[in-house]
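Here is the structure we will look at.
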Amino acid sequence: MIKVSVVIPVYGVEKFIARSARSLFEQTLDNLEYIFVNDCTKDYSMEILKDILEEYPYRKSQVRIIEMPTNSGLPTVRRHGTQLATGEYLIHCDSDDWIDADMYRLMYEKAITDDLDIVWCDYYKSDGSNHYYISQRYQPELMQGPLWNKLVRRSIYESNDIIYPTANKAEDGVLMTQISFFAKSRGYIDRPLYFYFINPDSICGQINEFACVRKLEQEVENTNLRINFLEREGALNKYESVVLEWKYTARTNLLPLMNIRKYRKLWRNTFAELNRLYLQSNAISIRQKVKFILIYIGLYRKL
């Protein structure tokens with residue numbers, strides 16, 4: 001039996017994939033399934049991956065390399081890999097990140113021992129030299145992204161009508177909202193097992209006008225998917241305050257541009273109902289409301 005399927009999207013990571021692949025192939029858990037999905041990368045990422053695989057002959061039978069017919073983007077690649085997975089549990093790994101050698105063994109053992117639908121762990125943010133500990137001890141009832149530090153029973157994906165996103169920004173939040181909604185049990189490992197690489201050249205790291213507006217548009221699209229899911233399940237009223245936070249978070253993509261009038265106007269008009277509901281909500285702290293007001297009147301960037 002395959003214990004864990006790992007879905008790894010590949011695109012433009014020739015500088016980093018060797019480190020990532022080695023950390024994956026050196027896992028202390030046996031019976032893994034590695035699903036590398038090539039999203040039509042234009043560099044030498046796949047050649048490097050295949051060279052690294054030669055160093056681990058005992059892993060060859062566990063590796064599946066999937067070729068996308070056209071460049072499709074991260075959400076579609078994740079979906080394709082997920083639908084091909086056959087393991088009892090499933091997890092994602094980004095191909096510019098790397099993981100602790102014991103990560104999947106520890107997570108799988110906890111999942112099996114406690115009969116859990118989801119197991120998650122802490123992680124590091126890393127620039128390659130310095131590591132910054134990120135605790136994930138607290139997770140709300142509707143869990144937030146990322147996907148790569150959460151091991152999920154694969155039947156959660158298969159037995160429910162999961163809505164898959166197509167836009168990149170906050171796409172993991174769309175899936176985690178649904179997965180945690182359907183999950184009956186979950187557990188936490190108080191240990192950083194994943195290394196999230198802060199890549200300055202990534203799309204997420206860009207802060208020019210076009211990038212900020214595009215990220216806003218994508219996160220608005222994915223926020224609406226989450227709202228549509230809650231409406232479908234009859235749970236929108238229960239998570240009203242959570243939805244307010246999602247909408248507010250989508251707006252924050254514009255914060256680097258708030259010294260420009262047209263973007264302040266766009267900030268106010270995105271989920272316009274938020275201007276009233278956020279300040280009226282008892283679930284929002286005074287500190288958060290003060291920040292909201294400062295942004296609204298155009299003083300946040302100046303202060």
Side-chain angles (χ1 to χ4, degrees), residues 4-29 32 34-53 55-56 59 63 65 71 73-78 81 90-107 120-136 144-151 167-173 175-176 189 191-208 211-212 214-215 218-219 252-253 256:
V4 174
S5 294
V6 191
V7 177
I8 312 105
V10 179
Y11 184 83
V13 288
E14 63 181 4
K15 296 179 181 178
F16 315 113
I17 196 168
R19 176 180 62 191
S20 181
R22 285 194 174 97
S23 74
L24 287 164
F25 297 149
E26 291 175 5
Q27 288 297 292
T28 55
L29 179 67
L32 283 160
Y34 301 95
I35 303 175
F36 290 92
V37 187
N38 176 18
D39 195 21
C40 300
T41 187
K42 298 177 182 179
D43 62 6
Y44 292 99
S45 296
M46 296 308 299
E47 288 81 358
I48 294 170
L49 170 62
K50 291 172 183 177
D51 286 344
I52 297 299
L53 182 55
E55 301 174 17
Y56 302 87
R59 291 294 192 191
V63 172
I65 295 178
N71 179 256
L74 181 59
T76 300
V77 167
R78 284 202 206 277
L90 185 146
I91 197 167
H92 297 264
C93 182
D94 289 349
S95 49
D96 53 355
D97 300 337
W98 68 101
I99 59 178
D100 186 286
D102 292 323
M103 179 172 178
Y104 296 153
R105 178 180 59 82
L106 292 174
M107 298 184 86
W120 78 96
C121 66
D122 297 336
Y123 64 92
Y124 289 111
K125 281 187 176 181
S126 176
D127 60 9
S129 301
N130 303 301
H131 307 319
Y132 307 93
Y133 188 104
I134 307 296
S135 174
Q136 295 283 278
Q144 306 300 300
L147 291 168
W148 34 250
N149 71 330
K150 298 177 182 72
L151 185 73
N168 282 350
K169 188 68 168 65
E171 48 87 23
D172 46 3
L175 292 176
M176 280 313 308
I189 295 178
R191 178 174 166 182
L193 299 173
Y194 192 95
F195 293 80
Y196 169 62
F197 180 57
I198 306 169
N199 183 356
D201 298 324
S202 70
I203 294 175
C204 291
Q206 297 176 12
I207 56 172
N208 58 66
C212 289
R214 181 62 180 146
K215 285 188 283 188
Q218 292 181 347
E219 189 155 359
T252 61
N253 289 287

Could you tell me whether a side-chain N or O of [X] sits under 3.5 Å from a main-chain N or O of [Y], the two making a donor and an acceptor?
| X | Y | answer |
| --- | --- | --- |
| Asp97 | Ser20 | no |
| Gln27 | Asp100 | yes |
| Ser45 | Val13 | yes |
| Lys150 | Gln144 | yes |
| Arg105 | Thr28 | no |
| Glu14 | Tyr44 | yes |
| Asn149 | Trp120 | no |
| Ser126 | Phe197 | no |

Notebook entry, point to check: Residues two or more places apart in sequence or in another chain: which of them pass side-chain hydrogen bond (donor to acceptor under 3.5 Å, both in side chains) with Thr76?
Noted result: none

List the atom of [X], the atom of [Y], and the distance in Å for their closest heavy-atom pair.
| X | Y | answer |
| --- | --- | --- |
| Leu29 | Leu32 | O-CD1, 3.4 Å |
| Gly73 | Asn168 | C-OD1, 4.4 Å |
| Cys40 | Asn71 | SG-N, 3.5 Å |
| Pro146 | Met176 | O-CG, 4.3 Å |
| Gly81 | Val37 | CA-CG2, 4.1 Å |
| Cys93 | Tyr104 | CB-OH, 3.8 Å |

Any side-chain heavy-atom pair of [X] and [Y] under 4.5 Å:
| X | Y | result |
| --- | --- | --- |
| Pro9 | Asp39 | no |
| Tyr133 | Tyr124 | yes |
| Tyr56 | Arg22 | yes |
| Arg191 | Asp102 | yes |

Atom pair [atom1]/[atom2] of [X] and [Y] - distance to nearest 0.5 Å:
| X | Y | atom1 | atom2 | value |
| --- | --- | --- | --- | --- |
| Leu151 | Met103 | CG | CE | 8.0 Å |
| Asp122 | Ile134 | CG | CD1 | 9.0 Å |
| Glu219 | Thr252 | CD | OG1 | 6.0 Å |
| Phe36 | Leu49 | CZ | CG | 4.5 Å |
| Ile17 | Thr41 | CD1 | OG1 | 8.0 Å |
| Ile91 | Ile99 | CD1 | CD1 | 7.5 Å |

Item checked: Pair Arg78 + Asp94: basic N to acidic O under 4.0 Å -> yes

Checklist line | Geometric class of the Trp148/Tyr123 ring pair [parallel <30°, tilted 30-60°, perpendicular >60°] | finding: perpendicular

Item checked: Axial cation check for Phe195 ring with Arg19, 6.0 Å and 45° limits -> no

